[in-house]
Amino acid sequence: MNRVLAIAGVVIRELYRRKDFYVLFVLTALITLLLGAVNFFNDPKIVRYLKEVCLLLIWISAVVIAVTTTARQIPSEKENRTIFPLLAKPVTRWEVILGKFAGCWLAAGIALLVFYLFFAVISESRGGEGTPAPKAAAATQVAPGPQAHDDHAHEPGCCNHAPASPNPWLVYLQGAWLHWMMLAVVIAMVLFGSLIFAAPSSNATIMFIVIGGILLLGEHLNKVALRQTEPVQTILQILYFAIPHLEWFDLRDFIIYDHPPVAFGPCALATAYAAAYALLLLVAAWLVFRRKGLTT
Amino acid sequence: MTNVIEIRELRVEYPGRNRSEPPRVAVDGLSLSVRPGEVFGFLGPNGAGKTTTMNVLLGFVNATGGEAFLFGVNVREPIARQRIGYLPELTYYYRFLTAEELLRFYARIFGIPRAETDRRIDALLKLVELESVRRRPIKTYSKGMQQRVGLAQALINNPDLLILDEPTSGLDPLGRMKVREIIQRLKQEGKTVFFSSHELGEVETVCDRVAIISQGRVREEGRVSDLVAKYRCDLERVFLKVIGYEPPSGN
């Protein structure tokens with residue numbers, strides 16, 4: 001474990017020294033300014049819209065940071081040949097994979113914490129100007145099952161909502177937590193990709209497409225499959241159940257429309273779902289990496 | 001007593017670039033052993049298989065055939081590398097770290113306690129004469145300084161075996177002398193040193209035994225003095241004869 005943390009420490013130090021975090025802070029400041037401008041408009045719809053834009057920015061920048069940081073980890077170790085002195089020590093390749101994952105994930109976690117903290121503080125200090133949306137608008141993203149979706153969201157007693165709570169901080173916390181869990185899957189996926197694709201740029205591009213595809217189309221694949229003939233239907237259904245459903249971790253609407261927090265059970269299930277997928281992808285990465293010959 | 005390095009009938013093949021190209025044999029049935037406390041020179045022309053053999057010893061490359069052991073442990077086991085230090089031919093370290101941070105990182109990898117780490121870092125930076133620049137990023141170091149950081153990291157775990165891949169390549173005469181001094185000092189401490197070099201004068205000075213390899217096979221092995229006596233010439237000419245070099249007539 002010590003070795004894994006040592007490798008993770010170097011990853012975080014590199015990010016810090018490369019000044020990636022400073023870009024994040026600048027971005028955060030911009031978001032803050034954007035939110036700070038809400039009083040000029042004094043219109044709940046615009047406020048909600050601005051919140052949505054800010055959260056979208058947080059999502060995009062978090063994914064960009066996670067993908068670009070992770071994509072270069074192992075290729076740059078090979079390219080700079082730092083992998084050789086490292087593997088000449090009693091370090092297993094599994095520990096290298098875990099260390100890289102832990103470093104990227106922790107770095108992403110720190111970035112998210114800063115983002116959400118700024119967002120929550122500014123948003124709430126202005127009295128949480130968002131207004132409740134129509135019931136049906138609140139999608140139940142944190143529903144680890146293909147059936148639990150918008151169609152039932154407005155039915156009484158359905159879903160995963162806890163009783164209405166006036167505590168918006170818990171929603172922010174859940175939003176940040178599930179976002180971080182989603183990034184665990186993303187980082188593990190990119191790490192796996194970095195062992196398959198030769199160049200970090202090609203890996204990053206492919207991963208952006210895959211992640212974007214899952215976030216935008218993932219939840220609709222099942223519905224699309226039902227309208228297809230065989231064997232396309234089966235293929236799409238297999239794909240639907242095989243891909244990690246990153247959209248389930250998206251609590252943005254809960255934050256924007258001031259919904260009550262998600263119940264503990266679905267939140268824990270989503271966490272377990274992310275952990276399972278991340279572990280699966282890390283094992284796959286290790287299986288590829290352990291067979292790879294490295295020549296000095 | 002167990003040999004520090006034991007290589008038996010080692011064979012390494014690299015796959016061809018395409019299906020029609022046959023695999024390239026880098027090491028072909030190489031066997032050798034290095035005893036504790038020896039300074040062993042591993043010689044051969046470029047492409048002879050020296051680095052590939054070292055890569056197998058360090059676990060970077062899996063052997064196609066044969067076996068290799070470090071301290072009696074198969075090189076496939078990461079624990080076999082617990083007691084070794086490795087200095088690559090070209091120094092490549094995390095350039096954003098300082099020398100002190102780099103040594104601390106590797107000490108952590110070996111699980112060395114904090115107090116002991118501090119003590120070793122001080123001693124090693126003094127040994128390689130980098131004390132005054134210990135808090136400067138490695139990217140600001142000259143090539144010689146980077147090579148010395150490399151040597152310090154190879155010694156952080158107080159290894160019983162040091163594997164050096166052309167440790168003096170690219171160094172100025174002063175840098176070479178420093179590296180040679182360090183090797184001599186390690187020898188006096190009873191450490192085993194296994195190193196490859198093209199500097200045959202240097203090999204003659206510091207090595208107890210040498211192996212000359214060519215086309216992936218050991219062509220000659222023995223004490224430097226024995227080889228020089230056997231061929232009745234200096235080590236450079238011994239080397240050329242063993243690898244089958246025919247000088248142009250008139251030379």
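Order of the sequence lines fixes the chain letters, A, B, ..., with proteins taken first and strands second; residue numbering starts at 1 for each chain.
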Step through the shown structure and confirm whether more than 12 heavy atoms of other residues, nucleotides or ligands are within 6.0 Å of [atom1] on [X].
X	atom1	answer
Arg136(B)	CZ	yes
Lys78(A)	NZ	yes
Gln215(B)	CD	no

Rounded to the nearest 0.5 Å, how far does [atom2] of [Y] lie from [atom1] of [X]?
X	Y	atom1	atom2	value
Tyr16(A)	Phe96(B)	OH	CZ	13.0 Å
Thr98(B)	Arg13(A)	OG1	CZ	7.5 Å
Thr92(A)	Arg81(B)	OG1	CZ	9.0 Å
Leu58(B)	Phe84(A)	CG	CZ	10.0 Å
Arg95(B)	Asn80(A)	CZ	CG	8.0 Å

Exercise. Hey, mind stepping through Tyr94(B) and Glu77(A) against side-chain contact (heavy atoms from CB on, under 4.5 Å) and telling me if it holds?
Worked result: CA-CA 9 Å; Tyr94(B) 302 102; Glu77(A) 284 269 1; 2.7 Å; yes
Problem set entry | Minimum heavy-atom distance Pro88(B)-Pro85(A), with the two atoms named | CG-CG, 4.2 Å
Exercise. Is it the side chain or the backbone of Glu101(B) that comes within 4.5 Å of chain A heavy atoms, both, or neither?
Worked result: side chain
Problem set entry | Leu57(B) portion near chain A, given a 4.5 angstrom heavy-atom threshold | neither
Would you mind reporting whether [Y] and [X] have side-chain heavy atoms less than 4.5 Å apart?
X	Y	value
Leu86(A)	Phe105(B)	yes
Ile109(B)	Asn2(A)	no
Lys89(A)	Tyr106(B)	yes
Tyr93(B)	Arg81(A)	no

Problem set entry | Residue selection (most heavy-atom pairs with chain B, distance under 4.5 Å) from Ile83(A), Val4(A), Leu5(A), Val91(A) | Leu5(A)
Exercise. Chain B heavy atoms under 4.5 Å from Glu95(A): which part of the residue, side chain, backbone, both or neither?
Worked result: neither
